[in-house]
Amino acid sequence: MFAELQDVKLYYEEEGTGEPVILIAGIGANHRFWKGMVPLLKGYRVITLDNRGVGETEYKGGVEIDIMADDVIHLMDYLHIFKAHIVGWSMGSQISQSLAIRYPERLQSLTLVSSYQFRPHRSAYFMYLMTKAAAEGKCTMDEVNILLNSFCFPESAFAAYAKKGAVMPIPRRPEDPKEVYKQMISMDNFDTTEKTKDIKAPSLVIHGAMDIMVEPIKGRAIGNSIPNCRYIEIPGEGHTIAAEVYIDYLREHLKENRMSLRGGE
C-alpha cells in the first residue's frame with residue numbers, strides 16, 4: 001500500500017490488529033527485511049515500510065535520518081496512530097532514536113537492535129568506499145552485499161550454509177546503488193552521543209555478542225546512556241539477528257509497556 005505524504009509516496013504494509021508496532025529496517029533493506037518478524041508478533045498491528053531510497057517508496061528532496069523519521073511520523077498521522085511501539089535495526093535504530101528524541105510523545109516504547117550512537121569508524125570506512133564505488137559503477141551491488149554479509153553474520157551462519165553445500169544468499173533484486181549511497185551518507189552525518197540520555201520512552205537494546213559491524217561496546221554504550229534501559233547481549237549472534245532469537249525479549253518488552261498499563265492513546 002502507498003501513503004501519499006509530504007514529499008514522499010511511501011510504501012508500507014500492515015498486518016494484524018492490536019497496539020501498533022512499527023518496524024524500521026537498516027541500510028539497503030526494504031520492508032521485506034522483517035518477513036521473519038511479522039508472523040511472530042500476532043496480537044499486534046504490525047507496520048513495515050520502505051525507507052527513502054529502497055523498495056517501492058518514491059520521494060522528493062533529501063535522504064537524511066531526521067527526514068526519514070519525519071516520514072514515519074507522517075505515516076502514523078496518515079494511519080491515525082498517535083502512539084506506537086517503535087523497533088529499529090541498524091540504520092533503522094538511528095531513525096528510531098531520532099523519533100524518540102524529537103517526538104517523545106509519539107512513542108509507547110522503543111527497541112533498538114544492533115544499534116549505536118554514531119557510525120563505528122571501521123564499518124563507516126569500508127561501507128562508505130564500497131557504496132560510493134557501486135554508485136559510481138566501479139563495482140556491483142552484488143559485491144557490496146557479499147561484503148555486507150561478511151560483516152553482518154557470524155562464522156556459524158556461514159558454516160551452516162557450507163554444511164549444506166551452499167553459500168550465503170544475496171538479494172535477487174538489489175537496490176539502486178546511488179540510493180543506498182545516499183542512505184550511507186545520512187548515517188555518517190548522524191550522532192546522538194549527547195542526546196540518548198534524554199530519551200524518555202521505555203527502552204530495550206539488543207545486540208549480538210559476535211557483531212563485528214558494530215562491536216558490542218557500541219551497543220552497551222547506547223544501552224547505558226538511556227535512562228532505565230534494558231540491555232540484552234545475545235551470545236553467538238552478529239549484526240543481523242534472526243527474529244526468533246530475540247522475539248521473546250521483544251514481546252516481553254511490548255507487554256510490559258502496553259498502552260493499557262501506561263495510559264497510551
Side-chain angles (χ1 to χ4, degrees), residues 1-6 8-26 29-52 54-59 68-115 199-206 229-230 232 240-265:
M1 294 174 282
F2 288 95
E4 296 281 355
L5 309 176
Q6 182 177 323
V8 63
K9 182 180 178 182
L10 191 142
Y11 183 82
Y12 73 97
E13 293 188 357
E14 61 176 306
E15 183 173 320
T17 58
E19 295 186 7
V21 179
I22 300 177
L23 308 176
I24 308 174
N30 58 41
H31 70 280
R32 287 187 290 273
F33 175 83
W34 298 106
K35 64 182 180 181
M37 176 65 76
V38 173
L40 301 179
L41 286 172
K42 293 187 183 303
Y44 293 93
R45 180 185 180 186
V46 185
I47 298 164
T48 57
L49 61 126
D50 291 344
N51 293 313
R52 292 181 181 223
V54 298
E56 299 182 54
T57 287
E58 302 171 10
Y59 70 95
M68 290 187 281
D70 290 343
D71 289 341
V72 175
I73 291 296
H74 295 152
L75 177 63
M76 290 172 65
D77 291 342
Y78 177 86
L79 297 173
H80 305 293
I81 296 171
F82 179 68
K83 279 194 174 184
H85 301 278
I86 300 294
V87 181
W89 171 76
S90 199
M91 183 190 78
S93 79
Q94 290 185 306
I95 297 171
S96 301
Q97 290 173 61
S98 176
L99 288 168
I101 292 165
R102 297 166 57 236
Y103 300 98
E105 73 282 359
R106 304 300 297 270
L107 274 70
Q108 188 67 24
S109 73
L110 174 68
T111 301
L112 305 174
V113 184
S114 304
S115 191
I199 290 177
K200 299 295 192 295
S203 300
L204 170 67
V205 172
I206 295 173
C229 176
R230 183 184 185 192
I232 302 292
T240 301
I241 308 173
E244 60 269 18
V245 174
Y246 66 94
I247 185 60
D248 288 344
Y249 297 117
L250 176 57
R251 289 191 66 94
E252 180 183 2
H253 183 59
L254 298 177
K255 183 178 180 181
E256 288 178 348
N257 295 288
R258 59 187 184 271
M259 294 179 183
S260 59
L261 291 180
R262 296 188 60 226
E265 299 181 34

Quick one: side-chain hydrogen bond (donor to acceptor under 3.5 Å, both in side chains) partners of Gln97, sequence neighbours excluded? Ser115, Thr192
Do the non-hydrogen side-chain atoms of Leu99 and Arg106 ever get within less than 4.5 Å of each other? no
Decide yes or no for Leu112 and Ser203: does some side-chain heavy atom of the first lie under 4.5 Å from some side-chain heavy atom of the second? no
Given Glu19, which of His85, Arg258, Lys255 fulfils the side chain to side chain donor-acceptor pair (under 3.5 Å) condition? His85
So CD1 of Ile24 and OG1 of Thr111: to nearest 0.5 Å the spacing works out to 11.0 Å
Enumerate the ring pair (Phe, Tyr, Trp, His ring centres under 6.0 Å) contacts for residues 88-110, please, sequence neighbours excluded, ordered by first and then second residue. Phe33-Trp89, Trp89-His239
Can you name the nearest heavy-atom pair linking Val21 to Val87, along with the distance? CG1-CG2, 4.0 Å
Close side-chain approach of Asp71 to Thr57, heavy-atom, < 4.5 Å: no
Quick one, Trp34 and Val46 - any side-chain contact, counting heavy atoms below 4.5 Å? no
Are Leu40 and Leu250 close enough that some pair of their side-chain heavy atoms sits under 4.5 Å apart? no
Using ring pair (Phe, Tyr, Trp, His ring centres under 6.0 Å) as the criterion, list what pairs up with His253, not counting sequence neighbours. none
Pairing residues for Arg230 by the side-chain hydrogen bond (donor to acceptor under 3.5 Å, both in side chains) criterion, not counting sequence neighbours: Glu252
Within the structure provided, determine whether Arg251 and Tyr44 are in side-chain contact (heavy-atom separation under 4.5 Å). yes
By side chain to side chain contact (heavy atoms under 4.5 Å, CB included), which residues pair with Arg102, not counting sequence neighbours? Asp66, Ala69, Asp70, Ser98
Which value, rounded to the nearest 0.5 Å, describes the distance between Ile206 atom CD1 and Ile232 atom CD1? 7.0 Å
I need the Leu254 CG to Tyr249 OH distance, nearest 0.5 Å. 15.0 Å
With Tyr11 via side-chain hydrogen bond (donor to acceptor under 3.5 Å, both in side chains) - residues at least two apart: Glu13
Quick one: are Leu75 and Ile47 in side-chain contact, heavy atoms under 4.5 Å? yes
Between Ala25 and Asn51, the two heavy atoms sitting closest are O-ND2, 3.3 Å
What pair of heavy atoms forms the shortest contact from Met259 to Lys83, and how long is it? CE-O, 3.2 Å
Using the side-chain contact (heavy atoms from CB on, under 4.5 Å) rule, take Glu56 and Phe2 through it: C-alpha gap first, then chi angles, then the decisive distance, then the call. CA-CA 9 Å; Glu56 299 182 54; Phe2 288 95; 3.7 Å; yes
Close side-chain approach of Tyr59 and Lys9, heavy atoms under 4.5 Å: no
Pairing residues for Tyr78 by the ring pair (Phe, Tyr, Trp, His ring centres under 6.0 Å) criterion, not counting sequence neighbours: none
Can you run down the salt bridge (charged side-chain N to carboxylate O under 4.0 Å, His left out) pairs that involve residues 35-45, sequence neighbours left out, and say none if there aren't any? Glu14-Arg45
So which heavy atom on Ala84 is nearest to which on Ile81, and how close? CB-CG2, 4.1 Å
Once you round to the nearest 0.5 Å, how far does OG of Ser114 lie from CE of Met91? 13.5 Å
Quick check: closest heavy atoms across Asn257 and Gln108, and the distance to 0.1 Å? O-NE2, 3.1 Å
Sorted by chain and residue number, the salt bridge (charged side-chain N to carboxylate O under 4.0 Å, His left out) partners of Asp50 (sequence neighbours excluded) come out as none
To the nearest 0.5 Å, how far apart are CG in Leu110 and CD1 in Ile86? 8.0 Å
Cys229 SG to Ile199 CD1 distance, which is reported to the nearest 0.5 Å: 8.5 Å
